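One structure is given below, encoded as structure tokens.
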Amino acid sequence: MTVFLSVLAALLLLYLASTVGRKKLQIRRHRVPISVNYHFSRKCNYECGFCFHTAKTSHVASLEEAKRGLTLLKEAGMKKLNFAGGEPFLYPKLLGKMLQFCKEELKLDSVSIVTNGSHVTEKFLREHGKYIDILAVSCDSFNEETNVIIGRGKGTHIQKTREVSQLCREYGIMFKVNTVVNRFNFKEDMNESIQQLNPFRWKCFQVLVVEGENSSASTLRDASSFLITDAEFREFCDKHSHNSFFIPESNALMKTSYLILDEYLRFLDQVSYTPSRSILDVGVQAALEEVVWDEESFVARGGIFDWTKPKEISGSCGAENLDW
């Protein structure tokens, strides 16, 4: 009898433990995709050697599919959406309509774009700037020869970056700079040039290898010649960390802290390198269960910040002297 009771008690404990474990897992799995990066196209007019989202497909979802997917994300708790690529401004009509939808229909707190800047025009910002909170230009060097080596344009990238910076101020858009720290720029002192641009955020990423995208000579890009050590990344950071707008992101912090939605509206998993099923087919929560997203790392890297432009300058053309 004593043996029977002991076995019964052990089985009961196992059952309770598994039940609690399942409940905890269910709680963990119900995640809120507060900030999403939508790479709606892989097409780009630049040839950056370390690109981690290469032109493996030419697919672009229709406007109606995009609207349906974005609505699902909003219903799941998304507050900020970032449009990326590829190069988003290669599709100005589609981009403009999605920006308007996100602000007027979904009423998102923040809508941003990451661009190489080459196709940003005053006409576009005049028509759609009121729907954009943040415009980020990728600029990896203030030495044009270095940009050309990297694949970032043909020799006019710095001037274009400055032009976009000025346009953002004129149209009341928060201006941001993204820099990939790599073998060809990690020793560069960018302090004077970046202070002249005075972005409200300067995001500096340690160059990252993503399997199947830029991991070998057999992929469209091979980032191996761009890699730097953690110590070299820290060397760059130490040189620039006194800038109040400087935000460094190492490989360790970056790899699992971003929610990336691809051109098929699938979340991309940077651990298994396999996409989820499309949120159009299975919904947001089911798709989230199929990828690794470290919410603690998202918060730790400063993923939540003051990401909405001030209302008093929204759509303004008189913001030339603003300091972000």
Side-chain angles (χ1 to χ4, degrees), residues 35-41 43-46 48 60 63 66-67 70 79-140 142 147 152-154 156-179 193-203 245 305-324:
S35 177
V36 177
N37 297 274
Y38 180 24
H39 294 246
F40 68 89
S41 167
K43 182 180 179 181
C44 188
N45 59 316
Y46 276 14
C48 302
V60 178
L63 177 61
K67 284 182 176 181
L70 296 176
K79 294 183 180 297
K80 179 183 185 296
L81 180 70
N82 179 53
F83 289 104
E87 173 48 48
F89 280 90
L90 294 180
Y91 302 87
K93 291 183 180 179
L94 175 61
L95 179 61
K97 289 177 180 178
M98 290 193 294
L99 290 169
Q100 183 176 1
F101 176 75
C102 286
K103 276 297 185 179
E104 290 192 343
E105 301 297 325
L106 299 184
K107 301 188 184 305
L108 295 182
D109 290 353
S110 181
V111 178
S112 61
I113 310 170
V114 173
T115 173
N116 60 38
S118 63
H119 280 62
V120 178
T121 65
E122 182 174 7
K123 179 178 183 294
F124 185 92
L125 296 186
R126 186 168 60 247
E127 295 177 359
H128 305 289
K130 59 187 174 182
Y131 307 124
I132 306 170
D133 291 282
I134 303 165
L135 186 59
V137 173
S138 298
C139 185
D140 302 315
F142 292 95
N147 283 322
R152 185 83 67 189
K154 303 295 184 183
T156 59
H157 186 69
I158 297 170
Q159 180 57 34
K160 187 61 181 179
T161 299
R162 290 175 176 144
E163 290 173 4
V164 174
S165 170
Q166 182 58 33
L167 284 173
C168 284
R169 282 164 172 77
E170 290 175 7
Y171 287 95
I173 300 167
M174 295 191 289
F175 176 69
K176 177 185 173 188
V177 174
N178 285 353
T179 296
S193 296
I194 196 67
Q195 287 163 12
Q196 289 174 354
L197 281 177
N198 193 29
F200 96 106
R201 281 164 75 87
W202 180 30
K203 194 81 87 65
F245 45 67
F305 57 96
D306 189 6
W307 53 35
T308 305
K309 64 184 177 183
K311 289 183 179 179
E312 60 269 20
I313 64 163
S314 181
S316 169
C317 293
E320 294 89 343
N321 297 317
L322 284 175
D323 289 328
W324 301 111

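This structure is a prediction, so every number in the text was calculated from the model and none was measured.
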*Can you tell me if NZ on Lys160 sees more than 12 non-hydrogen neighbours from other groups inside 6.0 Å?*
yes

*Using the six-membered ring wherever Trp is involved, compare the ring planes of Tyr46 and His157 and label them parallel, tilted or perpendicular (cut-offs 30° and 60°).*
perpendicular

*Can you name the nearest heavy-atom pair linking Gly86 to Cys44, along with the distance?*
CA-CB, 4.1 Å

*asked:* Classify the ring geometry of Phe124 against His128: parallel below 30°, tilted from 30° to 60°, perpendicular beyond 60°.
replied: tilted

*What's the spacing between Arg162 CZ and Phe142 CZ if we round to 0.5 Å?*
7.0 Å

*Which atom of Leu197 lies closest to which atom of Arg169, heavy atoms considered*: O-NH2, 2.9 Å

*Looking only at heavy atoms, what is the nearest atom pair of Leu81 and Cys102, with distance?*
CD2-SG, 3.6 Å

*asked:* Within the 4.5 Å heavy-atom criterion, are Phe200 and Phe305 side-chain neighbours or not?
replied: yes

_Any side-chain heavy-atom pair of Leu90 and Ser41 under 4.5 Å_ = no

*Test side-chain contact (heavy atoms from CB on, under 4.5 Å) on Phe89 and Thr121 and set out the steps.*
CA-CA 9 Å; Phe89 280 90; Thr121 65; over 6 Å; no

*Is any side-chain heavy atom of Ile113 closer than 4.5 Å to a side-chain heavy atom of Leu99?*
yes

*To the nearest 0.5 angstrom, please state how far the CG atom of Asp109 sits from the NZ atom of Lys107.*
12.0 Å

*Decide side-chain hydrogen bond (donor to acceptor under 3.5 Å, both in side chains) for Ser112 and Asn82; before the verdict, give the C-alpha distance in whole Å, the side-chain angles of both, and the deciding distance to 0.1 Å.*
CA-CA 5 Å; Ser112 61; Asn82 179 53; 2.8 Å; yes

*Heavy atoms, side chains only, cut-off 4.5 Å: are Phe40 and Leu94 in contact?*
yes

Show me the donor-acceptor pairs within less than 3.5 Å that the side chains of residues 131-140 make with the rest of the protein, sequence neighbours left out.
from, atom 1, to, atom 2, distance (Å)
Tyr131, OH, Glu104, OE2, 3.1
Asp133, OD1, Lys309, N, 3.0
Asp133, OD2, Lys103, NZ, 2.8
Asp133, OD2, Val111, N, 2.9
Asp140, OD1, Val180, N, 2.8
Asp140, OD2, Arg152, NE, 2.8
Asp140, OD2, Arg152, NH2, 2.7

*Check Arg126 against Tyr171 and note the closest heavy-atom contact, atom names and distance.*
CA-CE2, 3.6 Å

*Please round to the nearest 0.5 Å and tell me the distance separating atom SG of Cys168 and atom CE of Met174.*
10.5 Å

*asked:* Are the side chains of Phe175 and Asn198 in contact, using a 4.5 Å heavy-atom criterion?
replied: no

*Glu163 side, atom CD; Thr156 side, atom OG1 - distance, nearest 0.5 Å*: 8.5 Å

*Using a 4.5 Å cut-off on heavy atoms from C-beta on, say whether the side chain of Phe101 contacts that of Leu63.*
no

*Would you say Lys80's side chain and Thr308's backbone share a donor-acceptor pair under 3.5 angstrom?*
no

